[in-house]
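Here is the structure we will look at, set down as structure tokens.
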Amino acid sequence: TLAFHNYAGDFFNRKTAFTDLGFDQSYFETDYSTDDLEMETKNNLRISDYDFFKQTLDYLEDAEEPFFSFFITVSSHNPFDYYPESEEVAAFNQLEDKLVKDLFNSFAFFDSSLKMFINQLDERGLKDNTLIIIYADHESLINRDEYSSGRDYNLTRNLKKPEHVPLFIIHPEIQNKIDERAVSILDLAPTILDLLGKTEMPEEFFGRSIFDNQEYPILFLHEVPQLLFHDQLYLIGENKFEQVGYYKENQANSPITDDEKERLRETIKYLRSLYLKRQR
């Protein structure tokens with residue numbers, strides 16, 4: 001199990017965290033060479049996503065198979081200026097908002113870097129029988145006239161809205177399609193195990209494989225537990241479920257069964273008990 005990040009290992013204490021999470025090896029910016037860089041960023045980031053992907057290929061070639069590798073990139077993160085000036089896209093020059101223009105150029109640069117990486121996986125014989133999952137841990141939080149990263153929720157309370165992030169799953173045996181169902185990061189692990197052929201999931205998992213083609217209530221443990229189900233947003237109290245918002249394109253109420261409500265309350269109690277044990 002390998003973890004890769006083209007930034008400092010002490011940032012967010014990731015060097016220690018990756019070890020505690022069980023990764024056998026972790027690599028950070030100091031593990032990458034600055035000699036003969038192909039894509040130097042305009043803000044002097046030590047290793048661009050392009051060179052990060054390119055040099056990581058050598059680590060993957062040396063890894064014992066089968067392996068699990070986890071990447072954290074930086075191009076698509078604010079302040080969105082981790083891309084080379086040479087890679088700016090002419091079509092984005094018409095954008096007046098500099099932040100939006102930088103965002104689009106950042107994603108274009110990440111796309112080209114990722115394309116190179118996947119093509120190189122294929123050329124080096126590492127793509128066959130490989131599952132690739134790409135996701136974001138949070139949205140870009142941009143709400144400008146020219147672009148908004150969030151979804152348009154109607155809320156009756158001042159609450160944090162569910163974040164709208166992409167999820168890509170690439171595998172030789174999966175046909176291309178777009179799925180608009182809402183899922184969460186908690187669903188990633190059971191989805192991966194499902195694709196690898198595991199039928200029984202660890203009981204500690206709260207998510208579900210997205211390949212069972214159903215939409216389940218999604219639990220968010222903010223200050224007050226929230227639930228998203230069929231684009232309807234709820235607050236979960238001890239004695240009631242309060243609907244507090246909905247995605248504007250779907251105002252229909254989707255009832256949640258009493259059994260499901262009780263299951264969710266028990267899940268929240270269990271997670272709170274784990275948190276309190278750690279605090280002690």
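Only this structure's heavy atoms are used, side chains among them; waters, hydrogens and symmetry mates stay out. Just so it is clear, the model here is predicted, and its values are computed rather than measured.
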Inset, instruction - Indicate if Phe70 and Leu131 have the same hydrophobic cluster label, given that clusters are the connected sets of ILVMFWY residues with side-chain heavy-atom separations under 4.5 angstrom. - result: yes
Inset, instruction - Could you tell me whether Glu266 atom CD has more than 12 heavy atoms of other residues or ligands within 6.0 Å of it? - result: yes
Inset, instruction - Check the hydrophobic clustering (I, L, V, M, F, W, Y; side-chain heavy atoms under 4.5 Å; chains of links allowed) and say if Ile118 and Phe4 are grouped together. - result: yes
Inset, instruction - Go through the side-chain N and O atoms of Tyr83 and Asp49 and say whether any donor and acceptor fall under 3.5 Å apart. - result: no
Legend entry - Backbone N/O of Ile142 and side chain of Ser149: donor-acceptor pair under 3.5 Å: yes
Legend entry - Test log, rule side-chain contact (heavy atoms from CB on, under 4.5 Å), inputs Leu103 and Ser140: CA-CA 9 Å; Leu103 173 74; Ser140 56; 4.1 Å; yes
Legend entry - Matching residue for Leu233 among Ile218, Leu155, Asn154 - test: side-chain contact (heavy atoms from CB on, under 4.5 Å): Leu155
Legend entry - Sole residue of Thr56, Asn6, Asp51 in side-chain hydrogen bond (donor to acceptor under 3.5 Å, both in side chains) with Tyr32: Thr56
Legend entry - Note, Phe68 side chain near Leu2 side chain (heavy atom, < 4.5 Å): no
Inset, instruction - Taking atom CZ of Phe67 as the centre, report whether more than 12 heavy atoms of other residues, nucleotides or ligands fall under 6.0 Å from it. - result: yes
Legend entry - Enclosure of Asn129 CG (heavy-atom neighbours >12, cutoff 6.0 Å): no
Legend entry - Test item: Ser184 side-chain N/O and Leu186 main-chain N/O as donor-acceptor pair under 3.5 Å: yes
Inset, instruction - Flag the pair Leu235 / Leu159 as yes when at least one side-chain heavy-atom distance between them is below 4.5 Å, and no otherwise. - result: yes
Inset, instruction - Considering non-hydrogen atoms only, spot the tightest contact between Pro172 and Thr130 and give its length. - result: CD-O, 3.6 Å
Inset, instruction - Look at the side-chain heavy atoms of Ile, Leu, Val, Met, Phe, Trp and Tyr, link any pair under 4.5 Å apart, and say whether Leu196 and Leu167 land in one connected group. - result: yes
Inset, instruction - Go through the steps to decide whether Tyr82 and Ser48 satisfy the test side-chain contact (heavy atoms from CB on, under 4.5 Å), and finish with yes or no. - result: CA-CA 7 Å; Tyr82 301 118; Ser48 73; over 6 Å; no
Legend entry - Short side-chain donor-acceptor distance under 3.5 Å, Ser209 and Asp194: yes
Inset, instruction - Can you run down the ring pair (Phe, Tyr, Trp, His ring centres under 6.0 Å) pairs that involve residues 165-186, sequence neighbours left out, and say none if there aren't any? - result: none
Inset, instruction - Please round to the nearest 0.5 Å and tell me the distance separating atom CZ of Arg151 and atom NZ of Lys161. - result: 11.5 Å
Legend entry - From OG1 (Thr199) to CG (Leu193), nearest 0.5 Å: 10.5 Å
Inset, instruction - Looking only at non-hydrogen atoms, find the nearest pair between Ile72 and Arg14 and report the distance. - result: CD1-NE, 3.4 Å
Legend entry - Residue pairs, two or more places apart or on separate chains, that pass ring pair (Phe, Tyr, Trp, His ring centres under 6.0 Å) and touch residues 125-145: His77-His138
Inset, instruction - Starting at CG of Leu95, measure out to NZ of Lys98 and round the result to the nearest 0.5 Å. - result: 12.0 Å
Inset, instruction - Please round to the nearest 0.5 Å and tell me the distance separating atom CG of Leu121 and atom CG of Leu126. - result: 5.5 Å
Legend entry - Side-chain ion pair, Arg263 and Glu260, N-O less than 4.0 Å: yes
Inset, instruction - Give a yes or no on whether Asn213 atom CG has more than 12 heavy-atom contacts from other residues, nucleotides or ligands under 6.0 Å away. - result: yes
Inset, instruction - Go through the structure and list residues passing side chain to side chain contact (heavy atoms under 4.5 Å, CB included) with Thr34, not counting sequence neighbours. - result: Leu37, Arg46, Ile47
Inset, instruction - Nearest 0.5 Å please: distance from the CD1 atom of Ile236 over to the CG atom of Leu219. - result: 5.0 Å
Inset, instruction - Answer yes if Phe229 and Phe206 sit in the same cluster of Ile, Leu, Val, Met, Phe, Trp and Tyr residues linked by side chain heavy atoms under 4.5 Å apart, and no otherwise. - result: yes
Inset, instruction - Inspect the contact between Asp20 and Lys15 and indicate whether a charged nitrogen and a carboxylate oxygen are less than 4.0 angstrom apart. - result: no
Inset, instruction - Determine, stepwise, if the pair Ile133 / Leu188 fulfils side-chain contact (heavy atoms from CB on, under 4.5 Å). - result: CA-CA 9 Å; Ile133 292 182; Leu188 285 183; 4.1 Å; yes
Inset, instruction - Report the relative orientation of the aromatic rings in His5 and Tyr7; use parallel for angles under 30°, tilted for 30 to 60°, perpendicular for over 60°. - result: tilted
Legend entry - Parallel, tilted or perpendicular: rings of Tyr247 and Tyr153 (30°, 60°): tilted
Inset, instruction - Determine yes or no for a side-chain-to-main-chain donor-acceptor pair under 3.5 angstrom, with Thr41 supplying the side chain and Pro84 the backbone. - result: no
Inset, instruction - Could you tell me the separation between the CZ atom of Phe80 and the CG atom of Asn78, rounded to the nearest 0.5 Å? - result: 5.0 Å
Legend entry - Main-chain N/O of Ser33 paired with Gln55 side-chain donor or acceptor, under 3.5 Å: yes
Inset, instruction - Group every Ile, Leu, Val, Met, Phe, Trp and Tyr by side-chain heavy-atom contacts under 4.5 Å, then state whether Ile134 and Leu60 land in the same group. - result: yes
Legend entry - Short side-chain to backbone donor-acceptor contact, Asn105 and Lys101, under 3.5 Å: yes
Legend entry - Residue list, side chain to side chain contact (heavy atoms under 4.5 Å, CB included) with Asp31, at least two apart or on another chain: Tyr27, Phe28, Tyr59
Inset, instruction - Determine whether Ile169 and Ile132 make a side-chain contact, defined as any pair of heavy atoms from C-beta on separated by less than 4.5 Å. - result: no
Legend entry - Shortest non-hydrogen separation from Pro225 to Ile268 and the atoms involved: CB-CD1, 3.6 Å
Inset, instruction - Kindly give the heavy-atom pair with the smallest separation between Gln232 and Gln243, and that separation in Å. - result: OE1-NE2, 2.8 Å
Legend entry - Pairs where residues 99-132 contributes a residue and the test ring pair (Phe, Tyr, Trp, His ring centres under 6.0 Å) is met, not counting sequence neighbours: Phe53-Phe117, Phe71-Phe117, Phe92-Phe104, Phe104-Tyr147
Legend entry - Carboxylate-amine/guanidinium proximity below 4.0 Å for Arg157 and Glu242: yes
Legend entry - Under the side chain to side chain contact (heavy atoms under 4.5 Å, CB included) test, residues paired with Lys261 that sit two or more places apart: Phe241, Ile256, Asp258, Arg265
Legend entry - N/O donor-acceptor pair under 3.5 Å between Thr156 side chain and Val244 backbone: yes
Legend entry - Glu163 side chain to Glu139 backbone, donor-acceptor under 3.5 Å: yes
Inset, instruction - Run the salt-bridge test on Asp97 and Arg144 with the 4.0 Å N-O cut-off and return the result as yes or no. - result: yes
Legend entry - Working for side-chain contact (heavy atoms from CB on, under 4.5 Å), residues Asp187 and Tyr216: CA-CA 10 Å; Asp187 299 315; Tyr216 296 98; over 6 Å; no
Inset, instruction - Consider only side-chain N and O atoms of Tyr246 and Asp231, and report whether a donor and an acceptor are under 3.5 Å apart. - result: no
Inset, instruction - Count the heavy atoms of every other residue, nucleotide or ligand shown that sit under 6.0 Å from CZ of Phe205, and state whether that count exceeds 12. - result: yes
